[in-house]
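To start, the structure itself, in structure tokens.
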Amino acid sequence: WAGSLVGSKNPNNLGYRYSTPSKRFRAATDASSDGGRELPKNIQIQFRNRKGEDLAETLDLPTNSSLDDLNALVHSLLEETADETGKVPYSFYAKVTKNGVEDDIEVVTSLADMLKNEASISTESVLNLVYQPLAVFRVRPVTRCTDTLPGHTEAVLHVQYSPDGRMLASGGGDTTVRFWDVYTATPKHTCKGHKNHVLCTSWSPDGARFVSADKNGVMIVWDPIKGTAIGKNIKAHRQYITSLSWEPMHSNAACERLATASKDTTCKIWNVRTQSVETTLCGHTDSIEAVKWGGEELLYTASRDRTIKVWNADRGILVRTLTGHGHRINTLALSSDYVLRTGPFDYKCLKFSSKEEAHAAAIHKYQEFSQKQGQERLVSGSDDFTLFLWHPKESKHPIKRLTGHQQAVNHIAFSPDGRYFASASFDKKTKIWNGFSGDFLVTLTGHVGSVYQVAWSGDSRYLVTASKDSTAKLWEVPSGKKAKETLPGHADEVYALDWSPNGGSVATGSKDRTIKIWKH
């Protein structure tokens, strides 16, 4: 015993084996007292764009330079002459090598804060900062429920805004498709024709047609303005249809070709105007769970047979098969999804006088996007709890295998600018990843039930998630670990979710048979 009292009687004894403070204790106090590491007043910076091209010479900048300072400097170096409102804001990333792996660290507030948080960044050598353009416009975060839309008599399984954001369509277990006016939050049309659950729905990129498909393998093309079916009901597949994807508008101004995927292991390309099959793509040995029509004339199908097949859509031939997953693949996401979905429309909500004008706008928009982004990227999510990032046009080998989820990955969505993608899982978590390298960024925890769907705001600054716990949550990306807002009100699981392309509102559809509209 030797009189080793702990506490006030013997202040030198801290309860460790020895009476001197342990190294661990001393190190912790020293580090906290001076705020981490001592930083020099200035640091050498080299600005680069995404393609690795240097902007100007190496610059000597104050370490306390804020994000606004860096933006102002890049604007002057690029000699952008637009007024303050029209200037493109930029985000900045430092390249850091950790354990032999290169990672991107974002400058969130200032250089000093980043350097304090990341001890692996040397202040002795030149720091390479990659700048990336952000959206010029800002979407306001949704905070309140403005409307509840009753009408469906069974669970609402899908809600989707039209590409211009003026209309909302929903489909559900009651076999009906309903069209709603976004501005007045009133029903426009109730469309009956299906004999079973509506399993998937999709707007054409020009907003002139809407397709729904059901559990019997029947597909119906609707005119959203009149609320009537165009042509007859098409018995598209022998078993239920799992996914739909339209040909992008920049590839075809008519917007009349559509890919359908089914449990019968086939994918078919249809011409909805003539209501005929152009091509049937066979090769999978189990149900196809997802189909995506990319911007580079390629079609991607993901199946329960654990493979993704890449097809040439025009010639109907297999280009390559992507393997790697150990269980069924549930979901696919393309870096160009948002641009392809919205076609010629953007946040300005312009109306086009002719098909040709809209087609030209869609081509310009896609070309601008692909110049900034480089090649198209594909992410797949599976029941094996992992995601894979691919460059499907170039290689059959994955860029990266992404682990971290502890249950099946349910849904993935790329941000509109392609910088991030979000994955939702049955493990109640949503994870944010770097859209180029696949590096893990942050886990969003807060839901107390499985996360079913995610949707991004048009400016890529916010994410909204829908969950089994009857709520949706709004998150700020990539800084927010905790939810910025919780959107309660549904009486049961929230199955469906979409953020309007013009940024005005979010729609959620629930098992409680209602749709709710959320605004700022």
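Hydrogens, waters and symmetry mates play no part in the numbers below; they use all other heavy atoms, side chains included. Every value quoted in this text rests on a predicted model; they were computed, and no experiment measured them.
Remark: the Thr321 side chain and the Lys309 side chain contain an N/O donor-acceptor pair separated by less than 3.5 Å. A donor-acceptor contact closer than 3.5 angstrom is absent between the side chains of Asp214 and Asn196. In this model, no donor atom of one side chain and acceptor atom of the other lie less than 3.5 Å apart for Glu485 and Thr143. A donor and an acceptor atom, one from each side chain of Ser460 and Arg419, are nowhere located under 3.5 Å apart. With no hydrogens or angles considered, no side-chain donor-acceptor pair links Asn410 and Asn330 at under 3.5 Å.
Surrounding CZ of Arg209 are more than 12 heavy atoms belonging to other residues, nucleotides or ligands, all under 6.0 Å away. Within 6.0 Å of NE2 on His391 lie more than 12 heavy atoms contributed by other residues, nucleotides or ligands.
When every heavy atom of Asp174 is checked against every heavy atom of Glu154, the shortest pair comes out as N-CB, 3.3 Å. Smallest separation of non-hydrogen atoms from Arg178 and Gly151: NH2-O, 3.0 Å.
A heavy-atom distance below 4.5 Å is not found between the side chains of Val221 and Leu258. Arg377 has its side chain within reach of Phe414: a pair of non-hydrogen atoms, C-beta onward, lies under 4.5 Å apart. Contact of the Leu444 side chain with the Val451 side chain is not registered, since no non-hydrogen atoms from C-beta on lie closer than 4.5 Å. Counting heavy atoms from C-beta on, the side chains of Val198 and Leu157 never come closer than 4.5 Å. Between Leu387 and His405, the closest side-chain pair of non-hydrogen atoms falls below 4.5 Å. For the pair Lys396 and Trp390, the minimum side-chain heavy-atom distance is 4.5 Å or more. The closest side-chain heavy-atom distance from Phe436 to Gln373 is below 4.5 Å. Counting heavy atoms from C-beta on, the side chains of Ser505 and Val182 come closer than 4.5 Å.
At least one donor-acceptor pair under 3.5 Å links the side chain of Ser425 to the backbone N or O of Gln407. The main-chain N or O of Gly295 is found under 3.5 Å from a side-chain atom of Glu376 such that the two form a donor-acceptor pair. With hydrogens and angles ignored, the 3.5 Å screen pairs no side-chain donor or acceptor of Thr242 with any backbone N or O of Lys263. Judged by distance alone, with hydrogens and angles left aside, the side-chain atoms of His158 form a donor-acceptor pair with the main-chain N or O of Leu199 at under 3.5 Å. In this structure, Arg144 contributes its side chain and His520 its backbone to a donor-acceptor pair below 3.5 Å. Between the side chain of Asp305 and the main chain of Thr285, a donor-acceptor pair closer than 3.5 Å is present.
Under a 4.0 Å N-O distance rule, the pair Arg341/Asp498 qualifies as a salt bridge. The pair Asp459-Arg461 counts as a salt bridge, with a side-chain nitrogen and a carboxylate oxygen less than 4.0 angstrom apart. For the pair Asp384 and Arg306, the salt-bridge criterion is not met [side-chain N within less than 4.0 Å of a carboxylate O]. Salt-bridge formation is detected for the pair Asp439/Lys400: a Lys NZ or Arg NE/NH1/NH2 atom is positioned less than 4.0 Å from an Asp or Glu carboxylate oxygen.
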Check your understanding: Can you list the steps and then say if Lys192 with Thr176 is a side-chain hydrogen bond (donor to acceptor under 3.5 Å, both in side chains)?
Key -> CA-CA 5 Å; Lys192 296 176 180 174; Thr176 65; over 6 Å; no
Check your understanding: For Asp337 and Lys292, what are the C-alpha separation, side-chain angles and deciding distance, and is it a salt bridge (Lys or Arg N to Asp or Glu O under 4.0 Å)?
Key -> CA-CA 9 Å; Asp337 270 343; Lys292 289 280 182 190; 3.4 Å; yes
Check your understanding: Step by step, would you call Thr280 with Lys268 a side-chain hydrogen bond (donor to acceptor under 3.5 Å, both in side chains)?
Key -> CA-CA 4 Å; Thr280 302; Lys268 295 183 182 179; 5.1 Å; no
Practice item. Begin from the C-alpha positions of Thr342 and Lys365 and carry the test side-chain hydrogen bond (donor to acceptor under 3.5 Å, both in side chains) through to its verdict. Key: CA-CA 10 Å; Thr342 51; Lys365 188 172 153 193; 2.6 Å; yes
Practice item. Evaluate side-chain hydrogen bond (donor to acceptor under 3.5 Å, both in side chains) for Ser66 paired with Asp68, printing each intermediate quantity in order. Key: CA-CA 5 Å; Ser66 68; Asp68 292 339; 4.9 Å; no
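In this structure, Trp456 and Tyr420 have parallel ring planes: the angle between them is below the 30° cut-off, well short of the 60° mark. Using cut-offs of 30° and 60° on the angle between ring planes, the pair Tyr131 and Phe92 is tilted.
Of the listed residues (Trp222, Trp246, Trp203), just one forms a ring-ring contact (aromatic ring centres under 6.0 Å, His included) with Phe210, and that residue is Trp203.
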